[in-house]
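Written below as structure tokens is the structure these notes are about.
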Amino acid sequence: MKKTEKKRQRRRQVAAAAAAEAEARRKERMVSRSQAKYELIQEVGRGSYGVVYEAVTRSTGARVAVKKIRCHSPENVELALREFWALSSIQSQHPNVIHLEECVLQRDGLAQRMSHGSSSSLYLELVETSLKGEIAFDPQCAYYLWFVMDFCDGGDMNAYLLSRKPSRRTNTSFMLQLGSALAFLHRNQIIHRDLKPDNILISQGRTATGSPEPTLKVADFGLSKVCSTSGLNSEEPASVNKCFLSTACGTDFYMAPEVWEGHYTAKADIFALGIIIWAMVERITFVDVETQKELLGSYVQQGGEIVPLGEALLENPKMELLIPARKKSMNANMKQLIREMLSANPQERPDAFELELRLVRIACRELDWDT
Ligand SMILES: Nc1ncnc2c1ncn2[C@@H]1O[C@H](COP(=O)(O)OP(=O)(O)O)[C@@H](O)[C@H]1O
Ligand SMILES: [Mg+2]
């Protein structure tokens, strides 16, 4: 080899080594930047798909929750992307819906902020995995999605309510907050599909006079669906109540009859909320067989067994529900509203916007009653 050719080859080797070193330093900086940004304090929840930590944002000292989902199966990836798409599609914040501060995608120590419609190859590999139903990346790579959200210090709605004496004031406030959250979500074309007290978290705050004032936050959007298609007529605003879905999903005690059949709309969320509100007002609970936890939820009793209401209504849509279960536990308007929310026919249920208004009216009457 000539001397000049040798020199050129050496220069190329030096340049390649410098580029590799720069890339390694860039990766190191990205990892340490994201790790340094949040300090994980303790584990606060563990679901079937991920772990949730209480954490602190180092720069501000603000408490946050970090939900870390390992993307090692198509199911986990789909769940994580659903949560990301729903929470990142919300343009404005709502006090009763969990707020996503950022979502970070981490692979083998390399971390990058996720953005909707990103063309990054990591993001596209996840989308491909979810669409194909099979892992579209090297299975040796460990992918994680970190969801950084508001931290809720009051536990979930089950734990909160069941550890306190029933209070009409709290029930009324919770009803209003839930009605407002659902109207907001449906206005933003989001169907939650897994509303249940476990997925409704509490932030404990205080009023100006110092009395406790819990704020509900609807969380866990892993099964949610963003319905972005408008009606056939482009002039017509997109209605979440006309978006038909077919994936039967949710948690059986809160599932509407049509969800069991696999043909439903956003009205399935109204049914789930009907189960929750009825159970909250009358303190109806059952024990979950798997976890042995006491949960708020209304059901029917058939031959000594408890059966989810939606399942029972699917078999017998004309079944009369015993609302209220106890005399004088609610007024006539509330009774009528819960009955409508739990109609076997989704068209007979109010939509989220009407529901919000009716809950406000009921709450105003309750306040008149109290004073
Ligand atoms: N923002 C949060 N603040 C405090 N705790 C949380 C937060 N998000 C989740 N958790 C805790 O972690 C649990 C599981 O979170 P969730 O989002 O429901 O995930 P999963 O899909 O595993 O059910 C919750 O029931 C709650 O106890
Ligand atoms: Mg959950």
Side-chain angles (χ1 to χ4, degrees), residues 47 49-50 52 64-69 71 74-105 112-120 122-131 143-152 177-196 199-201 216-231 234 236-247 249-250 264-270 272-273 351-353 355-356:
Y49 299 99
V52 183
V64 288
V66 173
K67 181 171 172 177
K68 201 175 159 191
I69 300 182
C71 301
E75 294 75 32
N76 272 27
V77 172
E78 185 177 350
L79 190 113
L81 286 178
R82 284 196 181 287
E83 181 132 38
F84 172 66
W85 286 329
L87 291 175
S88 64
S89 74
I90 299 174
Q91 301 297 321
S92 56
Q93 289 187 35
H94 187 281
N96 305 118
V97 174
I98 203 85
H99 169 64
L100 178 70
E101 283 185 22
E102 69 169 342
C103 180
V104 176
L105 174 56
Q112 62 176 233
R113 199 181 173 143
M114 279 250 284
S115 60
H116 216 343
S118 157
S119 59
S120 104
L122 297 190
Y123 173 72
L124 293 177
E125 278 168 13
L126 288 184
V127 174
E128 195 183 335
T129 297
S130 154
L131 290 176
Y143 269 79
Y144 289 95
L145 275 176
W146 293 43
F147 290 87
V148 182
M149 311 169 275
D150 319 326
F151 180 72
C152 300
Q177 297 185 48
L178 288 171
S180 173
L182 195 60
F184 175 81
L185 291 177
H186 286 190
R187 205 173 294 121
N188 281 280
Q189 314 299 329
I190 298 169
I191 309 183
H192 187 284
R193 301 202 289 188
D194 199 18
L195 287 175
K196 56 179 178 178
N199 288 337
I200 298 166
L201 307 178
L216 294 187
K217 307 263 178 192
V218 174
D220 195 354
F221 285 75
L223 294 183
S224 67
K225 172 81 185 166
V226 183
C227 297
S228 49
T229 47
S230 58
S234 58
E236 205 179 301
S239 165
V240 80
N241 296 308
K242 288 188 185 145
C243 173
F244 280 90
L245 305 174
S246 58
T247 311
C249 64
Y264 61 96
T265 64
K267 291 284 184 76
D269 280 348
I270 304 285
L273 204 54
D351 64 24
F353 316 114
L355 175 67
E356 185 184 20

[atom1]-[atom2] distance between [X] and [Y], expressed to the nearest 0.5 angstrom:
| X | Y | atom1 | atom2 | result |
| --- | --- | --- | --- | --- |
| Leu145 | Leu122 | CG | CG | 10.0 Å |
| Leu216 | Leu201 | CG | CG | 9.0 Å |
| Leu182 | Asp351 | CG | CG | 9.5 Å |
| Leu105 | Tyr123 | CG | OH | 10.5 Å |
| Asn241 | Phe353 | CG | CZ | 6.5 Å |
| Tyr143 | Ile69 | OH | CD1 | 15.5 Å |

Exercise: identify the closest heavy-atom pair between [X] and [Y]:
| X | Y | result |
| --- | --- | --- |
| Leu195 | Ala272 | O-CB, 3.8 Å |
| Ala219 | Ile98 | CA-CG2, 4.0 Å |
| Glu101 | Arg113 | O-NH2, 3.4 Å |
| Arg193 | Leu223 | NE-O, 2.6 Å |
| Phe147 | Cys103 | CE2-SG, 3.9 Å |
| Cys152 | Lys217 | SG-CG, 3.8 Å |

Between Ser89 (side chain only) and Ala86 (backbone N and O only), is there a donor and an acceptor less than 3.5 Å apart?
yes

Does any N or O in the side chain of Asn96 come within less than 3.5 Å of the main-chain N or O of Leu178, such that one atom is a donor and the other an acceptor?
no

Would Glu125 and Val77 count as a side-chain contact (heavy atoms from CB on, under 4.5 Å) here? Give the steps.
CA-CA 10 Å; Glu125 278 168 13; Val77 172; over 6 Å; no

Starting from the C-alpha separation in whole Å, work towards a yes-or-no answer on side-chain contact (heavy atoms from CB on, under 4.5 Å) for Thr247 and Lys225.
CA-CA 10 Å; Thr247 311; Lys225 172 81 185 166; over 6 Å; no

Audit row: Lys196, Asp220, salt bridge (charged side-chain N to carboxylate O under 4.0 Å, His left out) steps and yes/no:
CA-CA 10 Å; Lys196 56 179 178 178; Asp220 195 354; over 6 Å; no

Any [X] side-chain heavy atom under 4.5 Å of [Y] side chain:
| X | Y | answer |
| --- | --- | --- |
| Asp269 | Leu185 | no |
| Cys249 | Asp194 | no |
| Cys71 | Thr129 | no |
| Glu356 | His186 | no |
| His192 | Phe221 | yes |

Just say parallel, tilted or perpendicular for the rings of His94 and Phe184, cut-offs at 30° and 60°.
tilted

Could you walk me through whether Leu273 and Leu355 pass side-chain contact (heavy atoms from CB on, under 4.5 Å), step by step?
CA-CA 10 Å; Leu273 204 54; Leu355 175 67; 3.9 Å; yes

